[in-house]
Amino acid sequence: IIYNIYISHTSFHHGGDSSRREQVIGGGGIGLATQRESNSQGQQGDGVYLLVSDDNAKLEPVTLHSTGIDDKVVNRSDAQRPSSCLSTASTEWLCARRYSNVNVVPQEDEIQFPLMIDHRRPLLESSNLRILVGQQSLCRDSPFQSFLDNDDNNSKQQHDTTRGEGGGGGDYDDVMIHNWRIRLIYVSIFYHQHRDAILEMREREELMQASLQQRGMTVGDYIDDNDCSIEMRRHNVSTFDFECANSKFLVAEVRSVGIGSLLIWDMTNMIMAAFAMNRTLVLYNNIETNGRIFSPPWKLSSCDRKDLQCSFQPITACSLTISDIIEAKDVKFEDYRNFLYNRNSNEPIPHDDTKVIRFNNRAPIPVMGRLLKAIHATASNLINALDPNDRRIPLMRKAAASILEDGRGKTSKGNDNRKPSFIHAEFDFVHAFIMYALRPTLSKGEELEKFYERDVPSNLNSTRTLGLPIRGSDKCNQESECLQPSTYMRLMGKIWSERGLTETVVGGKNAVANILVTSEAEELVDAIYSIASNDTYTLKLPFRPNIISNSNDIHQRNGNVDRPRLQNGAQADDIVTSILSSFKLQMKAGLTVGNCCSNFHQIIFHLLRGGCGVEPTNRGMCLQDRNESIYQLCCDKGSSPICPRERLARLAEEFNRTSITVEEAESEIWEEWKSFQR
């Protein structure tokens, strides 16, 4: 049977038991019809019906694909053009397959506060700011989440008293300006990704209020069957789905790679390009069309969605149609490279007449003047929205001005011929974005908090705590040089002494040092525990080691998402939970040392440098930046054999040997420590 397809505009008049339809377009077919409805009280309302008709144009029940990404079928027999909170949404958007978002708030709040914030207040107003920075639950007790109301001398006093033993919080003004710069960038990213959704939310609320008033109700009287909830369920619209009709988009598929590689090599580039070109970034996975896979599932997900939102909050509340994503214009990075890099160019934005373009660049994008100007302008506008009497404004304006002088993509280049070991090491935009991108879902955040409470003693002193994330498995077998577990522990002792903690911490050589050990390789964690209980080693250390590890770590033994080892019923989502648990644990250290050949360790350092760690002076230390060759690991030992050879030559010179192996050097370093024996 071949149907004609048309859009039919009809008018319905209801009166008693009779009704009459005046059809504007004749002929049999399938079509969308808008209606004007009158009930027995004379009230009218608009609606949308899908018509399946013959020449008599009889209205019958039909089914349409849902607006979610799971392609469920929803009965549309009563699908009406909504008269409540979706009245401003287009028919095309409501009836299309959409890439929907998960709800980010508890069910009791999802109608009134779907974006979590109070959209009627400025984003930087204290209550909203607390909500936004609080979404990043990895940053417990951190500078990023502290001093949000630093508008009086109490803040300086509080800052001075939280420096703790053996450390220092830095100059108060510098620390506060840095903290506010990070927050302003973080909130600016949120605003950039949600600006049209916020406007749309205001419209929804106004329409919902009007609907409730007609029924003699208020938002406080919310019940599950109010008009807004009914309409949203009918059209399968999540409370975190917004059309964002006035936005332009940059869409990108989420590759199935490790979290570190994904954030540093992919997502950072995406948000930098999207922000600079005034586009909203939309990420996608798990899309099928015409019986073929357009985008595969994300391999670090196991919930029904099979995408990033199984574990993380949506990066935007805008919900594109599936066809918009599939039909996005593929553009070459070269098409807009010059635009991004040229700070003062007046040239128009490339492809600015195209609603949706697809991102396809993986090469690291350096800090762009145009991006810094865009962030500064957004942050300044957010500050301008505040009450002029807000005493935080002068400090905020200093922080906003400093955005223009952000790190400019400086990297820590390591030593000699090694490649730069830390991409965007000093770029606050990247620090802030990684904190934004890694916001766990509320349920996962609650899980992480339970694990944290179980693993971390409530009286843990972070200034006496050293962070030791260790990569093993594929990183060591295929890519980077690595150290023996005993060598890592030797370094912990050396750092403890370098920080003067042997002399300043009560107990001297008998003081307890907390070592936060995390690794995807269980045997490495076990080895550290064994060393910590072996007097052969511990009596040569300037402290008594107390090992703290992530009890939720599933130790998948591989950073490659295609080859994880999952045991005891663990699934892909559990890998992400394990990763986030390790991130959260490492934020408790006073100083953290990692292998910057590892993107995973770089993410830990980005979080620390964004103020997510409890100690503001802990910015992370790359092994490659140590002065001793034993710790200067080579990143690409296979493709760059010259690096390991040069390292061995330096080791031979430092140990006064004509030749030496790495294993011999790692053994001999313990002999230097006989003087520390307790």
Test item: side-chain donor near acceptor, S301 and D307, under 3.5 Å: no
Carboxylate-amine/guanidinium contact E449 K584, below 4.0 Å: yes
D196 side chain vs S247 backbone, donor-acceptor pair below 3.5 Å: yes
Side-chain donor-acceptor contact under 3.5 Å, S90 with E243: yes
Residue pair N550 / S582, side-chain donor-acceptor N/O under 3.5 Å: yes
Test applied, side-chain contact (heavy atoms from CB on, under 4.5 Å); reference residue, D428; option that passes from I375, L184, I185, I403: I185
Those residues that, when tested against D141, pass salt bridge (charged side-chain N to carboxylate O under 4.0 Å, His left out) (two or more places apart): none
Pairs involving residues 273-284, ordered by first then second residue, that meet side-chain hydrogen bond (donor to acceptor under 3.5 Å, both in side chains) (sequence neighbours left out): R195-N278, Y284-R358
Residue pair I325 / Y99: nearest heavy atoms and the distance that separates them: CD1-CB, 3.8 Å
NZ/NE/NH1/NH2 to OD/OE distance under 4.0 Å, R204 and E231: no
Donor-acceptor side-chain pairing of R454 and S551 below 3.5 angstrom: yes
N552 and S578 side chains, donor-acceptor separation under 3.5 Å: no
Exercise: identify the closest heavy-atom pair between I264 and N599: CD1-O, 3.6 Å
Mutual orientation of the aromatic rings belonging to F275 and H192 [parallel < 30°, tilted 30-60°, perpendicular > 60°]: parallel
Atom OH of Y191: over 12 foreign heavy atoms under 6.0 Å: no
Test of ring centre spacing under 6.0 Å for F600 and F583: yes
Main-chain N/O of S319 paired to D241 side chain as donor or acceptor, under 3.5 Å: no
Within 6.0 angstrom of R202 CZ, more than 12 heavy atoms from elsewhere: yes
